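Nothing here was measured: the structure is a model prediction, and the numbers come from that model. For the numbers below, each heavy atom of this structure counts, side chains included, while hydrogens, waters and symmetry mates do not. Along the sequence shown, the residues carry numbers beginning at 1.
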Amino acid sequence: MKQTVFLFILMLLLFGGAGAAADSRTFTVGFDANFPPYGYVEKGEYRGFDLDLAREVARRRGWKIVLKPINWEAKDSELKSGMIDCIWNGFTINGREHSYTWSDPYVVNEQVVMVKKDSPVVKLTDLKGRKVAVQTDTPVMKALQPGGERYQDLGKKLKELVIAPDYNNAVMMLESGSVDAVAMDVGVAKTKLSGGFRLLDEIVMKENYGIGFRKGDIRLRDEVQNTLLEMVADGSAAKISALYFEGKNVVAIGQIQAIDESGKNSESNKDELIHTVCELGKGLLVSMLIFALTLVFALPLGLVIAAGRMSRNFVLRSFFKIFISVMRGTPLMLQLLIWFFGPYYLFGIQLSKLSFCGIDYRFIAVIIGFSLNYAAYFAEIYRAGIGSIPAGQYEAATVLGYSGWQTFRRIIFPQVIKRILPPVTNEVITLVKDTSLAFSLAVLEMFTIAKQIASATSSMMPFVVAGVFYYVFNFLVASAMAALEKKLNYYR
């Protein structure tokens, strides 16, 4: 009898605990950590208007909240895979109406234009013939791009629409003189005004912010939305808003027309695939150009650096040793940013405004950064190849009357080339994939375009097509290097 009672109590505890666990849940919110005042990092903590709203919703529902910073261009993959439950971070509904299950709009936002205080630009029409930066995958980017549904005339009049990876990069471009203006979210813009900028009185466009859930996740949407409406009714949402918007209440849920999710995207899969291939083809040309120019400069430069690294002069040898250490010890993306922004922030020189032979300095900075970085790796490969040649060959060449240059050119270097081809092939293949880092300077290569299309269409197809392009490109490169290696094996 005692054993039966014990088992009965144990089962009650187990199933009761399971039932209690089922009533609670983890609420994972995806957000961009570089989007103040909606979501950002301050003193090691995640803060922001949207994040505080999400925390309060979770507290009232009895949920455990997890704030997960995400790569904004990968937000659809994060949401569809279940890594996050919603996207809540200044997320624009307009243009994405049928890609998510949306909450009612809770903020009416504005896209504005920020310029330097001494800029001659005072209205939108003054942007004609000027460079304007926007953050990737934003409504204002799509509005100003060719084919945009609205503001297309304004976009056509621009000299260039520069697509930056984030707002911080775009503002740095404005400060360094690389662009004349930045079109951006008004909330983010107001946090940047202390840096010597001002906003135009005219706005570019208005948009509705909502909370994006997985398509069909209506139950979770309703739970979050009903709780948010309770917060509006009791005034707690207004208090949170006042903390981030100079005492103003920007929460307008229930006052804005809800989104109709019944429509369908009329573009067929076939048309989408054709469009994706065409756009990625343009990006592939940019990637191939970066690849080719980097090899043209890095391969011979690597030989010069290797010679300096092996020099008997202590000062020269130490200089190149430090150079190689820095190039290999720091991220290539950081080096690209330094080559582009460094002249202005370190020396006050606005190279970013210049162009050479019609080529923007942005692209030149990419080639400089890639060439020097890969030259350092090639230098060590050359040094290893040269060091692998037996000393007896140098001695024999001296006996035969060869000079040092003749010995290197006719005897040593041909053997070095044969020996270093496999490691050089590895670096060359890595270079193909590293071309995607050019986007840190707003150079639109293939993978960046794939991310933009994937974000706009909420589809993985652009990544699949880009992967095929990369594989074919690398296959051709590897095949060419293998053929060269086979041709140089003439003693076998």
Side-chain angles (χ1 to χ4, degrees), residues 71-77 131-138 141-148 155 158-166 169-170 173 178-179 267 269-296 332-333 336-337 340 355 358-371 373-374 428-478:
N71 180 346
W72 194 245
E73 293 170 336
K75 60 186 179 297
D76 296 314
S77 300
K131 294 181 179 181
V132 177
V134 293
Q135 178 176 314
T136 182
D137 191 32
T138 54
M141 179 199 81
K142 297 171 184 176
L144 296 177
Q145 277 183 323
L158 301 178
K159 181 179 180 180
E160 183 182 358
L161 185 67
V162 180
I163 301 175
D166 53 58
N169 195 297
M173 289 182 181
S178 176
V179 297
E267 186 176 21
N269 292 333
K270 181 180 179 181
D271 293 338
E272 180 183 334
L273 179 60
I274 294 174
H275 172 73
T276 299
V277 171
C278 292
E279 291 299 313
L280 291 182
K282 298 175 184 177
L284 179 61
L285 294 177
V286 177
S287 297
M288 292 176 65
L289 185 59
I290 296 172
F291 170 80
L293 291 177
T294 299
L295 290 183
V296 166
L332 176 55
M333 182 182 292
L336 294 175
L337 293 174
F340 185 65
S355 62
I359 302 175
D360 192 272
Y361 177 71
R362 190 183 306 111
F363 186 79
I364 295 174
V366 167
I367 301 304
I368 292 174
F370 270 87
S371 298
N373 180 271
Y374 272 83
V428 170
I429 290 175
T430 300
L431 173 59
V432 174
K433 295 172 285 188
D434 276 354
T435 54
S436 61
L437 296 176
F439 184 54
S440 60
L441 298 187
V443 174
L444 296 182
E445 41 64 55
M446 182 172 62
F447 191 67
T448 298
I449 294 176
K451 290 190 290 184
Q452 291 179 357
I453 299 175
S455 179
T457 60
S458 300
S459 170
M460 287 295 294
M461 180 57 68
F463 291 121
V464 174
V465 176
V468 172
F469 279 7
Y470 273 119
Y471 178 77
V472 172
F473 191 4
N474 273 324
F475 179 79
L476 295 175
V477 170

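Panel note: side chain E445, backbone T448; a donor-acceptor pair is recorded below 3.5 Å. Side chain of S371 to main chain of I368: no donor-acceptor pair is present (N/O by atom type, distance under 3.5 Å, no hydrogens or angles). Panel note: side chain T138, backbone V134; no donor-acceptor pair is recorded below 3.5 Å. Between the side chain of D166 and the main chain of N169, a donor-acceptor pair closer than 3.5 Å is present. Side-chain N or O atoms of T435 include none that pairs as donor or acceptor with a backbone N or O of F291 at under 3.5 Å.
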Start with the C-alpha gap between Y374 and T430, add the side-chain angles, then the distance that decides, and say whether side chain to side chain contact (heavy atoms under 4.5 Å, CB included) holds.
CA-CA 10 Å; Y374 272 83; T430 300; 3.5 Å; yes

Does the pair F447 and F463 meet the rule for a side chain to side chain contact (heavy atoms under 4.5 Å, CB included), with working shown?
CA-CA 8 Å; F447 191 67; F463 291 121; 3.9 Å; yes

The test is side chain to side chain contact (heavy atoms under 4.5 Å, CB included); show your working for V162 and V132 and say whether it passes.
CA-CA 6 Å; V162 180; V132 177; over 6 Å; no

Could you walk me through whether F363 and L293 pass the side chain to side chain contact (heavy atoms under 4.5 Å, CB included) check?
CA-CA 11 Å; F363 186 79; L293 291 177; 3.9 Å; yes

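Taking the six-membered ring where tryptophan is involved, the planes of F340 and Y361 are essentially parallel, since the angle between them stays under 30° and well short of 60°.
With a 4.5 Å cut-off on side-chain heavy atoms, F473 and M446 do not count as touching. Put simply, the side chain of L158 reaches to within 4.5 Å of the side chain of L161, judged on heavy atoms. Side-chain contact between V286 and L444 is absent, with no heavy-atom pair separated by less than 4.5 Å.
Annotation for V366 and A438: closest pair CG1-CB, 4.0 Å, computed over non-hydrogen atoms. Closest non-hydrogen pair, F469 versus L280, comes out as CE2-CB, 3.8 Å. Residue L336 comes nearest to S440 through the heavy atom pair CD1-OG, 3.7 Å, listed as atom of the first residue, atom of the second, then distance. Scanning all heavy atoms of the two residues, the minimum distance from P462 to A450 falls at CB-O, 3.4 Å. Between L332 and G369 the shortest heavy-atom distance is CD1-O, 3.8 Å.
Here CG of L295 is found 5.5 Å from CG of L431. Values are rounded to the nearest 0.5 Å. Atom NZ in K451 sits 11.5 Å away from atom OG in S77 (nearest 0.5 Å). Remark: L289 CG to L284 CG distance equals 11.0 Å, nearest 0.5 Å. Atoms CD1 and SG, from I449 and C278 in turn, are 11.5 Å apart once rounded to the nearest 0.5 Å. A distance of 5.5 Å separates CZ in R362 from NZ in K131, rounded to the nearest 0.5 Å. Here F370 contributes atom CZ and I290 contributes atom CD1; the two are 6.0 Å apart, rounded to the nearest 0.5 Å.
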